[in-house]
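Working notes for the structure below.
Order of appearance sets the numbers: ligands from 1, and atoms from 1 within every ligand. Computed from heavy atoms alone, side chains included, the values below leave out hydrogens, waters and symmetry copies.
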Amino acid sequence: MKKYEWAVIGSGIAGIIASEILTREGHEVILIEKNETLASETTRDFHEWMHAGSLFTLIPDNLKTLKFMLGALDDLLEFYSSYKRMNLIPTIKGIKIDTETKGWFNSEYIHFKFRIQGRKVTFPWIIGIARSILLINKIKNHDWLRRRAGVLDPFRYRLPDIMKEVLQLLKSKEKFRDIGTPDFTMNSRILIKDLISSSIEKGLTISTSNKFLNYTKKDKGYLVTCERESFESENIVLCTGANVSEVLTARVKNSYAPMAVVDHISDQINSFVELDYYPKNCINIIKKDNGIGLVGGISFNDINKCEPYIEEVIKKHQIYDPNIRKLYSYIGKKSEVIIEGEPRNYLFHIKEVEKGVWVIIPGKFTLGFSIGPEFYRKVYGKNPKNHFNTATDNGQYDELISNTVWFDVTNDKKKV
Ligand SMILES: Cc1cc2nc3c(=O)[nH]c(=O)nc-3n(C[C@H](O)[C@H](O)[C@H](O)COP(=O)(O)OP(=O)(O)OC[C@H]3O[C@@H](n4cnc5c(N)ncnc54)[C@H](O)[C@@H]3O)c2cc1C
């Protein structure tokens, strides 16, 4: 039986990031996936929205989630800039996206449209918008040039600034306040294929269509029992998303996120989120190439609410853009892992459940860029390399990695 230093179970963004960071450091790793292809579950269904934190400026959590999101961008710049197609450029005023050739990220910035009309008496909402606008502008203008000495510029938002913004909102006659945010979209398949190509070049073994069943102690490591083929490994990292509750004493809260692939989006429409005090009134559209886009994504506890919601959302979009047409709808599953005494899922989890057995849950694709380096630090007590040789995928792993839902639908491959 082949022996490895690390067995990574599950090949969503968590497992791919963990495999890459371990092979980058020269470890002998096997990535085990139950499906035929990698990145074929939540990491396939999602919006491809790269969060720069704008959405989380609305959460009353002392900016904790926002800081995690900005930390992920910071880690991305620090630990993934060796990749040739990682096309973000830190500048003195925000992050620029180099779009000369198609890279990991697109300059498709997401607009926020805060509803004002009919909500002026909802005072907490108006204050919330004012705070959100101030924070979004701060992120947009952030100095990303890591001058680690000589700069002491603590971030503060002041009450008078918020009140000034509140007064403007109260005076406004607009239906929505439209703000261009620093959040953008990603080409997740380019990114994933580069990470996998590099990992394979550094020795990663991949075992697909091989469901992990359990692990038992053996010699100095573990016997990793899977349905088709089993392995021995000194260490294990479980990256099985929602299935993680099989090994972790945690409550998994599942909710259902109805999504639709639409086409015929007019060139005048940007990716946007219309935000309202009542979440059920919120709509969004994330644009892809050639007038294709994804709409929906709000979570419901009751699966029966999904179908009516998606029909309603499409009707609302058609008021702005009558040509929009639904191509396909599906239900994304959001799993929030709640560990007693630990913060929410958005603040990712890294847990050693027993010696040499780890569980990692990013909570957001975006947080994958932090969870990789942080996992490595927790295990080895030092930073992973930030300058190293990378490989660029040239199509050799197209069959190994699933496409996104929207790509498959629009290419009529009927894989969904
Ligand atoms: C509708 C929706 C939209 C979203 N949009 C965004 C967004 O725009 N931006 C963002 O940053 N985040 C977004 N998210 C969150 C993000 O998609 C997830 O946090 C992330 O993809 C989860 O990655 P993961 O690797 O933890 O899980 P998964 O991608 O679910 O991967 C788990 C893997 O483990 C495998 N597996 C499970 N059990 C076993 C087993 N026993 N043996 C072997 N393999 C196993 C599964 O097959 C799967 O491949 C969205 C989520 C949803 C649901």
Check your understanding: So, Phe369 versus Phe79, ring centres under 6.0 angstrom or not?
Key -> no
**Study point:** Protein residue, atom and distance nearest to atom 22 (C) of ligand 1, heavy-atom basis
**Key:** Thr43 OG1, 4.0 Å
Exercise for review: Give a yes/no on ligand 1: does Gly297 have at least one heavy atom closer than 4.0 angstrom to it?
Suggested key: no
Exercise for review: For Ala257, take its heavy atoms, then give the atoms of ligand 1 lying under 4.0 Å from any of them.
Suggested key: 1 (C)
Practice item. Not counting sequence neighbours, list each pair that qualifies as a side-chain hydrogen bond (donor to acceptor under 3.5 Å, both in side chains) and has a residue in residues 87-99. Key: none
Review point. Can you check ring pair (Phe, Tyr, Trp, His ring centres under 6.0 Å) on Tyr256 and Phe300, steps first, answer last?
Key: CA-CA 5 Å; Tyr256 305 97; Phe300 294 97; 9.4 Å; no
**Study point:** Closest protein heavy atom to atom 35 (C) of ligand 1, given as residue, atom name and distance to 0.1 Å
**Key:** Glu33 OE1, 3.4 Å
Check your understanding: Once the angle between the rings of Phe272 and His317 is folded into 0 to 90°, is it parallel (under 30°), tilted (30 to 60°) or perpendicular (over 60°)?
Key -> tilted
**Study point:** N/O separation below 3.5 Å, Thr240 to ligand 1
**Key:** no
Review point. What about Met186: any of its N or O atoms under 3.5 Å from an N or O on ligand 1?
Key: no
Check your understanding: Hey, which atoms in ligand 1 end up nearer than 4.0 Å to a heavy atom of Pro362?
Key -> 26 (O)
Check your understanding: In terms of residue, atom name and distance, what is the protein heavy atom nearest to atom 34 (O) of ligand 1?
Key -> Gly10 CA, 3.3 Å
Check your understanding: Hey, is ligand 1 close enough to Gly363 that some N/O pair sits below 3.5 Å?
Key -> yes
**Study point:** Residue part near ligand 1, for Glu48, under 4.0 Å between non-hydrogen atoms
**Key:** backbone
Study note, to complete from the structure: Among non-hydrogen protein atoms, atom 2 (C) of ligand 1 lies closest to Lys334 CE, 3.8 Å
Study note, to complete from the structure: Cys239 heavy atoms within 4.0 Å reach ligand 1 at atoms 32 (C), 33 (C), 34 (O)
Check your understanding: Hey, is ligand 1 close enough to Asn210 that some N/O pair sits below 3.5 Å?
Key -> no
Review point. Can you check whether Phe212 has an N/O within less than 3.5 Å of an N/O in ligand 1?
Key: yes
Check your understanding: With backbone taken as N, CA, C and O and side chain as the heavy atoms from C-beta onward, which portion of Arg44 lies under 4.0 Å from ligand 1: side chain, backbone, both, or neither?
Key -> neither
Check your understanding: How would you list all residue pairs meeting salt bridge (Lys or Arg N to Asp or Glu O under 4.0 Å) that involve residues 275-303, not counting sequence neighbours?
Key -> Glu48-Lys288, Lys102-Asp289, Arg115-Asp276, Arg119-Asp276
Practice item. Kindly indicate whether a cation-pi arrangement holds for Arg24 with Tyr80, taking the cut-offs as under 6.0 Å to the six-membered ring centre and within 45° of the axis. Key: yes
**Study point:** N or O contact, Asp45 vs ligand 1, cut-off under 3.5 Å
**Key:** no
**Study point:** Qualifying residue, where the test is side chain to side chain donor-acceptor pair (under 3.5 Å) with Asp194 and the options are Tyr83, Trp104, Tyr397
**Key:** Trp104
Check your understanding: What's the shortest distance from atom 51 (C) of ligand 1 to any protein heavy atom, and which residue and atom give it?
Key -> Thr42 CG2, 3.9 Å
